Amino acid sequence: MTKTNDQMPSGLQPLHAMPPLRKYVDQLWQRRTYAIRMPLRELRARNMNNVLGLSWFLLNPMLLVAVYYTFFGLIIGTDRGVDNFLTFLASGVFTYSFLQRTMTSASRTVVTNVGLIRAIRFPRALLPITETVEQSLAHIPVVAVLFLVALLTGEPVRLSWVLMMPLVMLQASFALGVGFILARITTNFRDLQNFMPFGFRLVFYMSGVLYSIDAFVADVTIRRLFFLNPFFDNIKLVRFAILGGEFPAWAALGTVISAVVMLPVGFTIFRRGEPYGRA
Amino acid sequence: MTMQPTDSNGAAISMMVDDVSVVYRVNTEAKLSMGALIKSGFSGRSPDKIQAVKKVSLSIHEGESLGIVGNNGSGKSTLLRVMAGLLPPTVGQVYANSEPMLLGVAAALRPGLSGRRNIEVGLLALAIHPDRVEGLIEEVADFADIGRAINRPLGTYSSGMRARVHFAIATTVRPRILMIDEALGVGDKHFKSKSYARIDELREHAGTIVFVSHSNAEIERVCNRVIWLNEGVILADGPTKEVLDEYAAS
C-alpha cells in the first residue's frame, strides 16, 4: 500500500502524483516563454529545405482554396445562394482546417513527445498548449490570404475584419480544449487516432464548409440544429466578419460558449490524466 | 518549525522509494494463422507483461551517493527513471524533498532547429528564466565546443557533437537531487575530461546522487552506498566496497 499525503513526514513530496491545481498552473506559467518561442523557432525552420521557403505559408492556403473552388464552384456548383462564393468558401475551408489541424496535432503531442516526457519533468499540459500556439501562429498568414481573397473578389475593407483577431483566439481556445480531451484518451486508447479522421469528416459535412445551409436545407428546424455545432458557428461568424450581412447572434453565442467552456473542461480532464508516460 | 524526517544518524531523508513495481505491457506478434487470429480477437497480437522492478523500497539520505549495479535487463535504468519522477510506476510512489533531475543520454533535441535554437529551447524547457537564457546560449555553445556550427541545423551535426550539445544543456541546471544514467564521459578524450570536471561540480552542489553504471571504477569513485539489483529485486544494499565485492563474486 502506498502512503497518503497526510501520513508523510513533512518536506517529502510525492513525485508521481497530480500536483495541486495552483502549483500546476504556476509551473505552466513559468514555462510560458517556451510555449511561444518553441513554435516560432519551429515555424521558422519548417520550410528551410523547400525551394520556396517561407512563401509556403501563403502558397499552401492559396492552393487549397483554388482546388476547392475549381471543383465545388466551377464543376459541381454548390455556389447556389451565395454572392461571393470564393470568399465564402475560403472562410469555411480555412476556419475548418485550422480547428481540425489544431485538435488533431494537439491530441498527438503526449504520444509523440514521450522522449521529452521521459527526460524532463514539467506539467505535460505544456505540450498541447505549445502545439496550439504553433498552429495559431501558422494561421496568421492564412488569415492574410483570406483578406486578400476578399479584396480580389471585390469586397470592401470592412471594420468587422478586426474581429478576426478575437475570433481566432476563441477558435484556438475551443480547439485546445477538445485537443486536451483527445490527448488524454489517446494515451490509453491509441485507436482513437484511427477513428478521428472519420469523425472529422462527418463534422466537415455538417458544418456547411462547402455550401450555404440556407440554400440547401429547406427545413427550418433542421437549420436551427446546425447552430449546436461549434464548427458551424465559428465558420458562420468568420463569414459575417469578412463578408458582412446580418449579425448571426446564435453563431456568436455558440462560438463564445464553446471556447469558454471547452478550455477549462478539457484542461481539467487532461490534468486528471497526470502522470503521463506510463510503461 | 517543521519536523524533518531523519534516520538514526541524524541525516535528513531526501528521497524515499515506497514499494515500487514497474510492469511493462508489451504486445508480441501472434502467429498469423486463422486459429491464432480468432483467438486474439483479430488483433494479431498476444499481450505480454514484463515485470522490470518488483516491490522495491529504500530511503536515501542527504549526503548519500547511491550507486545501482546489476546485469543488463536487471531494471536499473527503469528504477532510476521512476526515482527521477519521469516514469510513473505501476504500483508504489516515490517521495523527494526537492525536484530530482536526470542526466541521461536520451535527448529532447530537435534535428530541424539550429544548434543555437536547440540550446535556447532546451534551456527554456528546463524552466531556466528567459532573462538568463540569452546569456547562457553562448556559454553552453562554448562548453559544447560547436564553434561556427551553432547556426547549422542540429541534424547536420556528428553524433559526438550532438551528445556534447545535449550534455552541455542538461548540466546547466544544478539540482539538489542528481540522477546519472551511464555514459558520464561523452565525446572525445578532450571533452571527456571536461565533462568529468563538470559532473564533479554538479556532485558537489547536489546533496543526493543516484548513479547507474556498469563501471565499478566510476561507482567506487562517486558512491558511498550501493544497491545490487537483479531481475528487479534488491539483492544487496550496503557500503560500496562490500556490495561490489558481493556482485563481483556472483
Side-chain angles (χ1 to χ4, degrees), chain A residues 1-5 7-19 23 26-49 112-124 126-127 130 187-188 190-191 273-279, chain B residues 2-6 12-16 18-20 22-26 50 52 78 81-102 104 106-110 112-114 116-118 120-127 129-131 133 153 166 170:
Chain A
M1 277 299 291
T2 55
K3 297 172 180 65
T4 57
N5 256 333
Q7 286 173 286
M8 279 309 296
S10 60
L12 292 182
Q13 296 290 326
L15 291 181
H16 303 283
M18 178 182 73
K23 195 174 163 199
D26 277 354
Q27 288 174 345
L28 279 174
W29 183 245
Q30 268 176 20
R31 290 160 174 84
R32 63 191 180 280
T33 316
Y34 173 88
I36 292 166
R37 250 186 250 172
M38 173 74 184
L40 281 175
R41 306 311 183 215
E42 200 49 49
L43 289 171
R44 175 78 181 81
R46 183 173 298 169
N47 285 307
M48 286 277 263
N49 292 328
T112 52
N113 285 296
V114 73
L116 189 63
I117 287 177
R118 299 251 169 98
I120 307 174
R121 279 169 63 77
F122 61 92
R124 312 309 186 191
L126 187 66
L127 295 170
T130 307
T187 55
N188 298 317
R190 295 274 180 109
D191 311 43
E274 292 265 17
Y276 290 99
R278 282 184 189 283
Chain B
T2 53
M3 283 276 290
Q4 275 293 323
T6 57
I13 292 179
S14 52
M15 180 172 275
M16 208 171 97
D18 185 23
D19 196 33
V20 160
V22 179
V23 179
Y24 285 107
R25 264 166 237 280
V26 286
I50 297 169
T78 300
R81 283 200 145 57
V82 174
M83 291 169 81
L86 296 168
L87 176 70
T90 316
V91 186
Q93 182 61 273
V94 178
Y95 303 88
N97 67 359
S98 79
E99 277 287 303
M101 212 194 84
L102 174 74
L109 300 172
R110 308 213 156 215
L113 298 189
S114 67
R116 178 189 301 280
R117 296 312 176 197
N118 262 293
E120 179 190 28
V121 167
L123 293 175
L124 288 171
L126 291 173
H129 198 275
D131 294 343
V133 166
H166 174 69

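Nothing here was measured: the structure is a model prediction, and the numbers come from that model. Numbered from 1 within each chain, the chains take letters A, B, ... in sequence-line order.
- Here the CD-CG distance, from B/Q93 to A/L15, works out to 7.0 Å after rounding to the nearest 0.5 Å.
- Panel note: side chain A/R278, backbone B/L87; no donor-acceptor pair is recorded below 3.5 Å.
- With a 4.5 Å cut-off on non-hydrogen atoms, B/V26 does not touch chain A at all.
- The CG atom of B/L123 lies 12.0 Å from the OG1 atom of A/T33; values are rounded to the nearest 0.5 Å.
- No part of B/P153 comes within reach of chain A, as not one of its non-hydrogen atoms sits under 4.5 angstrom from that chain.
- For B/S14, the part sitting under 4.5 Å from any heavy atom of chain A is the backbone (N, CA, C, O) and nothing else.
- For B/A52, no part lies under 4.5 angstrom from a heavy atom of chain A.
- Highest contact tally toward chain A, considering only B/E99, B/R25, B/R117, is held by B/R117 [criterion: heavy-atom pairs under 4.5 Å].
- Of all the heavy atoms in A/R31 and B/L124, the pair that sits closest is CG-O, 4.5 Å.
- Heavy atoms of A/R118 lying under 4.5 Å from chain B belong to its backbone as well as its side chain.
- Contacts of A/E274 with chain B are absent, with no heavy-atom separation under 4.5 Å from either backbone or side chain.
- No other option in A/R32, A/Q30, A/R37 has as many heavy-atom pairs under 4.5 Å with chain B as A/R37.
- Per-residue counts of heavy-atom pairs under 4.5 Å with chain A were compared for B/G112, B/P100, B/S114; the largest is that of B/P100.
- Using modelled atom types, one side-chain atom of A/R121 and one backbone atom of B/G85 make a donor-acceptor pair closer than 3.5 Å.
- Interface residue B/M83: only backbone heavy atoms are found under 4.5 Å from chain A.
- For B/V22, the part lying under 4.5 angstrom from a heavy atom of chain A is the side chain only.
- Residue with the most contacts toward chain A among B/V82, B/L126, B/T90, B/T78: B/V82 (heavy-atom pairs, distance under 4.5 Å).
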Notebook entry, point to check: Run the side-chain contact (heavy atoms from CB on, under 4.5 Å) check on B/R110 and A/M38 step by step: do they pass?
Noted result: CA-CA 10 Å; B/R110 308 213 156 215; A/M38 173 74 184; 2.6 Å; yes
